[in-house]
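Heads up, the thing below is written out as structure tokens.
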Amino acid sequence: MLSLNEQMDIINRGNKEIISEDELAGKIESSIQTGIPLTVKWGADPSAPDIHLGHTVSIRKLGQFQNLGHRVVFIIGDFTAMIGDPSGKTIARKHLSRQQVMQNAETYKQQIFRILDPEKTVVEFNSRWCNALSFEEILNLTSKYTIARMLERDDFENRYRTGQPITIMEFLYPLIQGYDSVALKADIELGGTDQKFNLLVARDIQREYGQIPQVVITMPLLVGTDGTQKMSKSLGNYIALDDPPEQMYGKTMSVPDELIYPYFELLTDVTGEELEQIKKLLADPKCNPMELKKQLAKRLVTMYYDPQKAETAEREFDTIFRKKETPEQMSVHRLSANLLWVIKLLTEVKFASSNSEARRLVQQGAVSIDGTRISDPELTIKFKGGEVLKVGKKKFVSLEIGC
RNA sequence: GGAGGGGUUCCCGAGUGGCCAAAGGGGGCAGACUGUAAAUCUGUUGGCGACGCCUUCGGAGGUUCGAAUCCUCCCCCCUCCA
């Protein structure tokens with residue numbers, strides 16, 4: 001096991017805030033003395049199994065804890081999912097079946113184990129202890145926190161002030177998450193800065209239950225591909241771990257230039273010196289940021305796939321977007337007939353969800369076949385096979401005759 | 001329990017009898033521009049083989065030649081008083 005200072009150095013890198021560093025040092029010290037690893041908690045909602053780069057900011061930090069010999073517990077909040085984290089607008093949550101939860105959990109594991117060591121990761125479902133709680137115990141839990149303190153939470157305060165509904169059930173969310181820490185006797189809990197409130201509540205709850213409060217480590221929120229809002233699945237501005245290489249590469253390239261630096265910092269293992277270098281280059285007007293972004297995109301694809309796939313992805317990107325040519329590889333669609341109305345064609349290959357949308361695309365000049373723009377929405381085309389249909393900038397399909 | 005305010009398209013939000021498939025903004029999509037992007041500009045944004053028709057403004061009825069708009073009942077949300 002590494003010394004206190006060495007451990008602190010590693011943990012300190014890239015986080016937003018540690019509450020508190022002194023407590024953390026104390027815990028690490030006693031762990032070194034006793035040889036007992038610290039329990040590091042991290043939780044996730046089971047309803048959204050698409051892990052994206054935003055999550056990896058925390059997951060990578062967990063990986064560091066594992067390397068330091070500590071015990072990482074990944075909690076799947078199947079119980080809390082019934083409530084839904086009150087941060088969003090989504091109030092009514094659909095109840096997930098046991099089977100769905102298990103399925104999502106599997107998907108989760110598959111993804112996080114691309115970063116974490118499966119041997120060293122404990123996976124828990126919080127329904128295990130939550131379902132066992134009696135009403136009396138729940139009342140007891142609710143007696144440990146006040147409305148005033150709940151309303152300190154930004155979302156709650158906001159919604160309360162602007163006249164948005166808040167249910168009592170939502171107040172339970174932070175309490176249950178806190179109770180999870182009690183059940184696990186968590187030493188440390190990791191989360192995004194948006195989780196700070198919940199993580200801090202857990203400290204109070206643990207104290208109420210006679211435990212030493214967990215150390216809270218918040219990680220910066222990754223800005224999504226739109227360059228403004230945090231990366232999230234519901235906003236659609238995310239790069240998923242499961243995105244195929246070309247997509248991972250392409251999405252990274254579509255990120256605003258300002259994100260190049262934070263992405264290198266939070267998502268890759270580049271050293272401090274390299275980061276400095278990147279910062280310098282970005283400030284240099286002679287340097288084309290595209291080159292750095294390509295490095296970033298390639299690096300990410302290499303991390304989650306391999307160098308060859310990264311190479312291919314880069315080549316394809318250059319072909320489509322820089323040279324504006326057709327990609328080498330594209331999916332093939334077998335036409336239902338060899339004489340087809342353009343509108344029908346677009347809906348058939350699912351590049352448009354309705355005839356109206358298809359018409360719009362044609363009228364806007366988004367549609368071309370073998371490089372020739374189609375502008376007449378009434379056109380019927382005769383195919384002989386091998387044609388390439390392009391819609392917009394990035395949708396391609398190769399057409400073949402027959403089903 | 002009482003009094004008042006409100007529910008409109010993906011989101012926010014205007015509209016209080018026909019000119020309403022519904023202003024404006026956001027987002028999305030497309031086009032132009034560009035060193036990839038972003039930004040910007042322009043267009044578009046319910047459906048239908050389509051210059052006409054069908055469905056939409058919390059739900060169900062009703063008034064009317066005609067309803068997002070008026071009436072009745074119901075559901076939901078918010079505020080204040082208790």
Side-chain angles (χ1 to χ4, degrees), chain A residues 88-92 151 156-170 223-230 232-239 246-264 278 281-282 284-301 310 313-325 327 336-337 339-348 350-368 373-381 389-396:
Chain A
K89 311 158 192 170
T90 20
I91 294 156
L151 286 174
F156 286 147
E157 204 264 317
N158 234 322
R159 281 161 64 189
Y160 190 66
R161 201 164 28 76
T162 59
Q164 300 295 306
I166 303 169
T167 66
I168 307 262
M169 182 172 83
E170 292 178 88
V223 176
T225 54
D226 61 347
T228 48
Q229 288 178 286
K230 72 161 184 172
S232 88
K233 194 182 178 185
S234 53
L235 291 171
N237 60 353
Y238 68 109
I239 302 174
E246 305 77 44
Q247 234 181 72
M248 193 179 266
Y249 190 97
K251 282 187 185 178
T252 307
M253 289 306 287
S254 77
V255 144
D257 291 349
E258 298 78 66
L259 292 184
I260 296 175
Y261 183 83
Y263 272 34
F264 265 115
I278 290 164
L281 285 170
L282 283 169
D284 184 353
K286 285 200 295 281
C287 162
N288 182 354
M290 181 181 72
E291 291 307 324
L292 284 170
K293 212 192 292 184
K294 284 172 73 172
Q295 280 177 34
L296 171 70
K298 208 162 161 182
R299 193 155 191 145
L300 289 172
V301 178
E314 178 162 285
R315 225 177 318 121
E316 184 166 312
F317 182 86
D318 281 351
T319 311
I320 299 176
F321 294 99
R322 302 190 56 211
K323 302 187 195 139
K324 304 216 192 305
E325 291 166 4
S336 58
L339 203 63
L340 212 58
W341 179 33
V342 222
I343 304 304
K344 186 84 198 313
L345 171 70
L346 292 180
T347 53
E348 188 175 303
K350 301 229 160 54
F351 282 172
S353 59
S354 67
N355 286 6
S356 301
E357 192 186 332
R359 268 170 199 279
R360 257 175 250 135
L361 288 169
V362 172
Q363 274 153 8
Q364 289 174 145
V367 180
S368 66
R373 183 174 283 187
I374 309 289
S375 51
D376 177 12
E378 301 306 328
L379 194 69
T380 298
I381 304 157
L389 171 69
K390 181 186 180 192
V391 175
K393 285 191 178 68
K394 48 195 163 200
K395 283 185 275 197
F396 293 91

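Everything numeric in this text was worked out from a predicted model, so none of it was measured.
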Using Watson-Crick or G-U wobble geometry with both distances under 3.5 Å, which nucleotide pairs with [N]?
N      : value
G31(B) : C41(B)
G4(B)  : C78(B)
G52(B) : C48(B)
U63(B) : none
U69(B) : none
U16(B) : none

Roughly how far apart, to the nearest Å, are [N] and [M] at atom [atom1]?
N      : M      : atom1 : answer
C78(B) : A39(B) : C1'   : 39 Å
U69(B) : A82(B) : P     : 36 Å
G59(B) : C77(B) : C1'   : 15 Å
G7(B)  : C57(B) : C1'   : 10 Å
A60(B) : G1(B)  : P     : 26 Å
A22(B) : C53(B) : P     : 15 Å
U56(B) : C51(B) : P     : 23 Å
U16(B) : G2(B)  : C1'   : 27 Å

Centre of Phe396(A)'s six-membered ring, under 6.0 Å away, within 45 degrees of the axis: is that where NZ or CZ of Lys390(A) sits?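 Lys390(A) over Phe396(A) ring: no.
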With a 4.0 Å limit, can you tell me whether Ser354(A) has a side-chain N or O closer than that to the phosphate oxygens OP1/OP2 of C48(B)?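 So the side-chain polar atoms of Ser354(A) do come within 4.0 Å of the phosphate oxygens OP1 or OP2 of C48(B), strictly under.
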Calculate the interatomic distance between [X] atom [atom1] and [N] atom [atom2]; express it in whole Å.
X         : N      : atom1 : atom2 : value
Leu346(A) : C48(B) : CG    : P     : 13 Å
Ile374(A) : G31(B) : CD1   : C1'   : 16 Å
Glu357(A) : G28(B) : CD    : P     : 15 Å

Partners passing side chain to side chain donor-acceptor pair (under 3.5 Å) against Ser232(A) (at least two apart in sequence or in another chain):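 Testing Ser232(A) for side chain to side chain donor-acceptor pair (under 3.5 Å), a comparison that skips the adjacent residues, returns Ser234(A).
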Going by the rule side chain to side chain donor-acceptor pair (under 3.5 Å), which residues pair with Glu357(A) if we only count those two or more places apart in sequence or in a different chain?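 Applying side chain to side chain donor-acceptor pair (under 3.5 Å) to Glu357(A) gives Ser353(A).
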Does Glu378(A) pair with Arg359(A) as a salt bridge, N-O distance under 4.0 Å?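 Counted as a salt bridge, because a side-chain N and a carboxylate O are separated by less than 4.0 Å.
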For the atom pair OH (Tyr238(A)) and OG1 (Thr225(A)), what is the distance rounded to the nearest 0.5 Å?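 Reported value, rounded in 0.5 Å steps: 10.0 Å.
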Please round to the nearest 0.5 Å and tell me the distance separating atom CD of Glu316(A) and atom NZ of Lys394(A).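 Rounded to the nearest 0.5 Å, the CD-NZ separation comes out at 13.0 Å.
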Return yes if a side-chain donor-acceptor contact under 3.5 Å exists between Ser375(A) and Gln363(A), otherwise no.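 Result is no, nothing qualifies.
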Close N or O pairs between protein and nucleotides 50-54 of chain B (under 3.5 Å):
{"residue": "A50(B)", "atom": "N1", "partner": "Arg359(A)", "partner atom": "NE", "Å": "2.7"}

With the sugar-phosphate defined as primed atoms, P, OP1 and OP2, and the base as all remaining atoms, what B/S/- string results for nucleotides 36-45 of chain B, 5' to 3', for protein heavy atoms under 4.0 Å? BB-----BSS
Could you run through nucleotides 75-82 of chain B and give me one letter per nucleotide, 5' to 3': B if any protein heavy atom sits under 4.0 Å from the base, S if only the sugar-phosphate is that close, - if neither? --SSS---
Main-chain N/O of [Y] paired with [X] side-chain donor or acceptor, under 3.5 Å:
X         : Y         : value
Asn237(A) : Lys230(A) : yes
Tyr263(A) : Ala297(A) : no
Lys293(A) : Val255(A) : yes
Arg373(A) : Ser368(A) : no

Students often get this wrong, so: under 4.0 angstrom with heavy atoms, is Gly227(A) touching a base, only sugar-phosphate, or nothing?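 It contacts nothing in the nucleic acid.
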Report the residues that fulfil ring-ring contact (aromatic ring centres under 6.0 Å, His included) with Phe317(A), sequence neighbours left out, ordered by chain and then residue number.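 In terms of ring-ring contact (aromatic ring centres under 6.0 Å, His included), with neighbours along the sequence ignored, Phe317(A) is linked to Tyr249(A), Phe321(A).
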If you define the side chain from C-beta out and look only at heavy atoms, does anything of Val342(A) sit under 4.5 Å from Pro377(A)?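 A side-chain contact is absent here, since even the closest heavy-atom pair is not under 4.5 Å.
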